[in-house]
Protein chains: 2
Amino acid sequence: MPRPRTFDEDGAVDAAMRAFWTAGYEATSTQDLCDATGLGRSSIYNTFSSKRDLFDRALRRYVDQFTAAQLEVIQDADVPIRERVRRILWTAVEPDPVDPAGCFVINTIVELGPKEAEIVDLLDRDHEVKLTALTTAIEAAQATGEVDSEQDAAGLATYVFTVLGGLRVAARRNATPESQQAVVEATLRSF
Amino acid sequence: MPRPRTFDEDGAVDAAMRAFWTAGYEATSTQDLCDATGLGRSSIYNTFSSKRDLFDRALRRYVDQFTAAQLEVIQDADVPIRERVRRILWTAVEPDPVDPAGCFVINTIVELGPKEAEIVDLLDRDHEVKLTALTTAIEAAQATGEVDSEQDAAGLATYVFTVLGGLRVAARRNATPESQQAVVEATLRSF
DNA sequence: CCCATTTTGGATCGTTCAGTCCATAACGTG
DNA sequence: CACGTTATGGACTGAACGATCCAAAATGGG
């Protein structure tokens with residue numbers, strides 16, 4: 001009868017996610033991962049085949065969680081589109097204080113984008129899902145007259161996510177909500 | 001009589017700048033720096049006291065060059081403000097093809113921001129210079145009626161740089177100019 | 001109680017890391 | 001030609017890296 005595992009795999013991936021999110025892939029050592037997860041290196045290598053495999057798992061976990069949360073906001077047809085966009089942008093201005101600074105996806109694109117095509121593919125597909133959802137929501141808002149029909153819905157959606165990216169970068173150097181509020185307001189003028 | 005140095009210090013810093021800009025601080029080894037600069041490790045350690053010292057020099061060089069170029073555009077009073085902002089944003093959409101992807105400053109903020117306060121201070125000061133210059137330019141444009149006087153000039157300037165940051169992130173995953181053009185157009189609606 | 005299987009702790013491996021060391025090279029002066 | 005000084009090439013150091021190994025632990029069934 002095998003020895004029962006004493007840790008929760010999802011909990012370990014979550015802890016690793018936060019370590020990678022904070023420091024980045026290269027600067028997070030296997031010892032850091034042991035410390036963050038509370039596991040020995042044999043347990044880590046027994047469960048995940050490599051540091052890189054754990055990183056991929058962590059990134060997918062982040063994408064699943066945060067994309068689901070964002071889609072929920074985007075697709076809430078009971079809320080005016082302007083308020084939905086405001087809420088999305090505000091998550092970058094006033095994030096959950098227990099979370100590391102910025103966005104794990106943005107950090108990874110910047111750190112690994114030029115050399116890890118597989119990771120970029122994964123994140124591009126995720127981005128496409130969110131972009132399509134927001135474009136659809138904007139088109140629906142254009143149909144009801146909430147948003148100017150002359151505007152390109154897909155371009156507007158790309159614009160919102162670009163601003164979001166910029167806000168996430170600002171969060172990495174601890175820009176204050178006060179200084180970023182004007183950015184949200186300026187962005188919302190398109191809605 | 002001492003042996004004459006056979007390399008150009010600025011050229012070496014420039015080469016190192018491109019290596020760090022491409023891969024980031026952690027993922028650029030001292031061997032990578034030797035390869036990029038064409039120098040031996042004794043020459044590098046003889047001239048720069050450490051890898052980190054060379055990184056700081058490279059970052060300052062980037063900041064000096066690109067800030068000077070940006071200020072030149074921002075402060076050209078012969079050009080309408082809208083066109084000046086368009087030019088700034090366009091440098092991220094269609095950068096010099098020989099340059100690494102994205103922006104060395106943005107990459108560094110994301111990679112090192114949470115743990116290197118000195119680097120953040122340096123980059124915040126640089127950011128403040130550009131922000132002040134653009135705010136002053138926007139205020140001048142408001143005085144001539146080019147820009148709506150009701151708008152907060154500093155907020156508008158912060159907004160432009162945030163969008164620029166987002167465009168730089170998109171460049172790290174090779175987003176096409178076509179997809180980013182709509183972002184520039186949407187941003188310019190505030191001008 | 002023994003067994004087979006899986007998990008765990010932590011020592012260890014081979015490689016790479018940033019940085020140092022040492023012998024040699026390149027000068028112009030005396 | 002020798003000297004003193006600085007630069008250079010590349011071998012080397014000690015530490016850290018990601019990953020592997022091995023002994024011990026933890027189980028339930030027979």
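Residue numbering restarts at 1 for every chain, and letters A, B, ... go by the order of the sequence lines.
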Euclidean distance, atom CG of residue A/L33 to atom P of D/dA19 [Å, nearest integer]: 10 Å

Closest approach of A/A15 to A/A36 (non-hydrogen atoms, all atoms of both residues): CB-O, 3.4 Å

Test ring pair (Phe, Tyr, Trp, His ring centres under 6.0 Å) applied to A/F55 and A/W21, A/F104, A/Y62, A/F48, the passing residue: A/F104

Sugar-phosphate only, base, or nothing, as touched by B/F48 at under 4.0 Å among non-hydrogen atoms: nothing

Atom pair distance, as rounded to whole Å: CG in A/L39 and P in C/dT6: 19 Å

Phosphate-side-chain proximity, B/T6 and D/dT8, N/O vs OP1/OP2 below 4.0 Å: yes

Nucleotide-resolved protein contact map, nucleotides 13-25 of chain C, B/S/- at heavy-atom distance under 4.0 Å: ----SBBBB---B

Interatomic distance, A/D35 CG vs C/dG9 P [rounded to whole Å]: 13 Å

Distance-only side-chain donor-acceptor flag, A/Q31 / A/R41, under 3.5 Å: yes

Salt-bridge contact B/D126-B/K130 (side-chain N to carboxylate O under 4.0 Å): yes

Spacing of A/F7 atom CZ relative to C/dT6 atom C1', expressed in whole Å: 12 Å

Closest heavy-atom pair and its distance - B/L134, B/V85: CD1-CG2, 4.4 Å

Distance in angstrom units between A/D8 CG and C/dT7 C1', rounded: 16 Å

Donor-acceptor contact below 3.5 Å, side chain A/E111 vs main chain A/E26: yes

Nearest to side-chain heavy atoms of B/S43, which nucleotide of C/dG9, C/dT6, D/dG9: D/dG9

Spacing between A/N46 atom CG and C/dT8 atom P, to the nearest angstrom: 7 Å

